[in-house]
J.: 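Sending over a structure as structure tokens; questions will come in a sec.
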Amino acid sequence: MGAFLLHWTLFSPVPGWTALWAAARRGTERREAPSPAADDSQAVEGFLETRDGRWFEVLVERYKDRVFRLVLSVLGFGKEAEAEEVTQDVFLKVFRQLSAFRAESRFSTWLYRIAYRQAVDRKRQAGFSKPHLDLAALADEPLLQPDPLAQAETRERSRAVQACLEKLPDLYRSALFLHYWMGHSVEEIGELLGAPEGTVKSYLHRGRRLLLGELQKRGLDHGQFLR
């Protein structure tokens, strides 16, 4: 996602954030810059103890891409712009609520739970169910085809696959998206979804079965999508 856009949203004196940001930055010029290698607990403690926003930036830089991917897995293909907005909202919420983090779980688990809930809430908003972009990447064919008919067929097939994916429960769709189209391992998906590996495997198995059923109803060859 756009690192500059996220940084501007989080760390600029925009309306409603001026006092908060001023407090976070107060005195930072006299402090040593946090190390990007600091682990999560050090970054959290450093921010809570000093209110130095640079500690929070360590966490943002470490997790912004993974949060974006998780959010996109819920919102669906073609929702990159909305996923960026939700990702910003997630880090804004975490910024405000970090003092409530009790370290009863890993910071990443706590963060991903917030991101997943935020994405699901956004998806359930009225008028957010229909994709606005074609999903040519779903069809295992070149994106630029010289044949206009082939291009049209690819777009139509992409729309059909998107419609099939939309019928799946959120967790199943996210697992399939993260695994097949973003290349995450079962272990990585487990961390993103806050689920054991065995549960992720179950999501993938059940999700495949449901998706294949939907594809078959539309007469689509599922072999090109789930290899």
Side-chain angles (χ1 to χ4, degrees), residues 65-87 90 109 112-145 147-227:
D65 289 338
R66 278 175 279 185
V67 167
F68 173 77
R69 291 169 186 164
L70 176 57
V71 170
L72 187 61
S73 78
V74 176
L75 301 187
F77 295 95
K79 299 293 186 180
E80 287 79 4
E82 289 87 346
E84 285 198 5
E85 292 177 5
V86 174
T87 299
V90 167
T109 301
Y112 295 147
R113 286 173 181 167
I114 292 174
Y116 187 81
R117 288 196 297 266
Q118 199 91 349
V120 169
D121 288 344
R122 178 65 176 270
K123 184 176 177 63
R124 289 174 179 168
Q125 291 177 0
F128 192 73
S129 60
K130 295 183 179 180
H132 58 76
L133 293 178
D134 294 327
L135 308 177
L138 281 173
D140 192 1
E141 301 178 20
L143 297 182
L144 299 177
Q145 302 180 47
D147 183 353
L149 178 60
Q151 292 181 28
E153 290 175 347
T154 294
R155 287 194 296 270
E156 184 60 31
R157 183 164 47 248
S158 296
R159 293 191 189 98
V161 174
Q162 171 70 16
C164 291
L165 284 168
E166 289 295 330
K167 292 181 178 294
L168 304 186
D170 291 329
L171 284 170
Y172 295 171
R173 184 180 58 256
S174 291
L176 291 175
F177 180 98
L178 292 167
H179 186 63
Y180 286 100
W181 286 286
M182 303 203 73
H184 285 289
S185 67
V186 169
E187 180 181 5
E188 291 169 333
I189 296 171
E191 183 181 8
L192 289 169
L193 297 181
E197 290 185 32
T199 302
V200 173
K201 291 178 181 177
S202 176
Y203 291 161
L204 290 170
H205 175 74
R206 294 175 184 175
R208 279 195 301 266
R209 187 175 61 188
L210 291 173
L211 179 57
L212 296 184
E214 293 296 334
L215 291 170
Q216 288 169 355
K217 289 178 185 178
R218 292 173 176 265
L220 294 172
D221 176 14
H222 59 73
Q224 62 181 309
F225 302 111
L226 298 179
R227 288 191 173 89

J.: Taking the side chain as every heavy atom from C-beta outward, state whether Lys123 and Glu166 have any atom pair closer than 4.5 Å.
T.: yes
J.: Checking Pro169 now: which residues fulfil side-chain contact (heavy atoms from CB on, under 4.5 Å) with it, not counting sequence neighbours?
T.: Tyr172, Leu210
J.: Roughly how far apart are Leu212 CG and Lys217 NZ, rounded to 0.5 Å?
T.: 12.0 Å
J.: Minimum heavy-atom separation for Ser73 and Leu178, please, with both atom names.
T.: CB-CG, 3.8 Å
J.: With sequence neighbours excluded, what pairs up with Thr109 under the side-chain contact (heavy atoms from CB on, under 4.5 Å) test?
T.: Ser105, Arg106, Arg113
J.: With salt bridge (charged side-chain N to carboxylate O under 4.0 Å, His left out) as the rule and sequence neighbours excluded, what pairs involving residues 167-193 come up?
T.: Arg124-Asp170, Asp170-Arg173
J.: Once side-chain hydrogen bond (donor to acceptor under 3.5 Å, both in side chains) is applied, do any residues pair with Ser202, and if so which ones, sequence neighbours excluded?
T.: Arg206
J.: Shortest non-hydrogen contact from Gly207 to Leu168?
T.: O-CD1, 4.0 Å
J.: At what distance, to the nearest 0.5 angstrom, does CG of Asp65 lie from OG1 of Thr87?
T.: 9.0 Å
J.: Can Arg122 and Glu85 be said to form a side chain to side chain contact (heavy atoms under 4.5 Å, CB included), step by step?
T.: CA-CA 10 Å; Arg122 178 65 176 270; Glu85 292 177 5; 2.9 Å; yes
J.: Is there a donor-acceptor pair closer than 3.5 Å between any side-chain N or O of His179 and the backbone N or O of His184?
T.: yes
J.: With a 4.5 Å cut-off on side-chain heavy atoms, are Leu171 and Ser174 touching?
T.: no
J.: Are any of the side-chain heavy atoms of Leu192 and Arg66 separated by less than 4.5 Å?
T.: yes
J.: Between Leu211 and Cys164, which heavy-atom pair has the shortest distance, and what is it?
T.: CD1-CB, 3.7 Å
J.: Identify the residue among Glu80, Glu84, Glu82 that makes a side-chain contact (heavy atoms from CB on, under 4.5 Å) with Leu72.
T.: Glu80
J.: Less than 4.5 Å apart, any side-chain heavy atom of Tyr203 and any of Ile189?
T.: no
J.: Which heavy-atom pair separates Ala115 from Val71 by the least distance, and what is that distance?
T.: O-CG2, 4.1 Å
J.: Got Phe177 and Leu165 here, is their nearest side-chain heavy-atom distance under 4.5 Å?
T.: no
